[in-house]
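Worksheet: one structure, shown below.
As a basis for the values below, the full set of heavy atoms in this structure was taken, side chains included, without hydrogen atoms, waters or symmetry mates.
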Amino acid sequence: MPWQQKIRYLMGQPVGISLANGQGTSGILCGTSEGKLLVMEYLYQTQFALKQYEYSMIQDINGFPPCQNSQVLY
């Protein structure tokens, strides 16, 4: 499935994004606007940033898989 078709299913979810330049990023998919993907990313401490990625920069987007081990580790 082309990544553009995944957007509606992944809205508001944690996602990993593969960029065309070989880098990647992750965050919460907040929406789209004028050919850009809007992603809330963690910076540090209590700071977050809403970043915009042009569609032309994106190679693929995938939702995070569920955790396999639900046991609490101490």
Expected output: side-chain Tyr42 to main-chain Gln45 donor-acceptor under 3.5 Å: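 Yes; at least one donor-acceptor contact below 3.5 Å.
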Sequence-distant partners of Phe64, ring-ring contact (aromatic ring centres under 6.0 Å, His included), two or more places apart: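 Listed in chain order: nothing, the list is empty.
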Scan for salt bridge (Lys or Arg N to Asp or Glu O under 4.0 Å) pairs involving [range], sequence neighbours excluded, and state none if there are none.
range: residues 16-27; value: none
range: residues 10-23; value: none
range: residues 17-32; value: none

Selection residues 14-34 - residue pairs positive for ring pair (Phe, Tyr, Trp, His ring centres under 6.0 Å), sequence neighbours left out: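 Residue pairs passing ring pair (Phe, Tyr, Trp, His ring centres under 6.0 Å), neighbours aside: none found.
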side-chain contact (heavy atoms from CB on, under 4.5 Å) partners of Gln59, counting only residues at least two apart: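 With sequence neighbours excluded, Gln59 shows a side-chain contact (heavy atoms from CB on, under 4.5 Å) to Ser18, given in chain and number order.
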N/O donor-acceptor pairs under 3.5 Å from side chains in residues 3-15, not counting sequence neighbours:
residue: Lys6; atom: NZ; partner: Asp60; partner atom: OD1; Å: 3.0
residue: Lys6; atom: NZ; partner: Ile61; partner atom: O; Å: 3.0
residue: Lys6; atom: NZ; partner: Asn62; partner atom: OD1; Å: 3.1

Nearest-0.5 Å distance that lies between atom CZ in Phe48 and atom CG in Leu50: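 Result: 12.5 Å between the selected atoms.
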Rounded distance (nearest 0.5 Å) linking atom CE of Met57 with atom CD of Gln52: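 The CD atom of Gln52 is 10.5 Å from CE of Met57, to the nearest 0.5 Å.
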Donor-acceptor pairs under 3.5 Å, side chain of residues 22-35 to any protein atom, not counting sequence neighbours: which ones?
residue: Gln23; atom: OE1; partner: Asn21; partner atom: ND2; Å: 3.2
residue: Thr25; atom: OG1; partner: Glu41; partner atom: OE1; Å: 3.4
residue: Thr25; atom: OG1; partner: Glu41; partner atom: OE2; Å: 3.0

Leu38 reachable from Tyr53 in the ILVMFWY side-chain graph, under 4.5 Å edges: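 No, no single cluster joins them.
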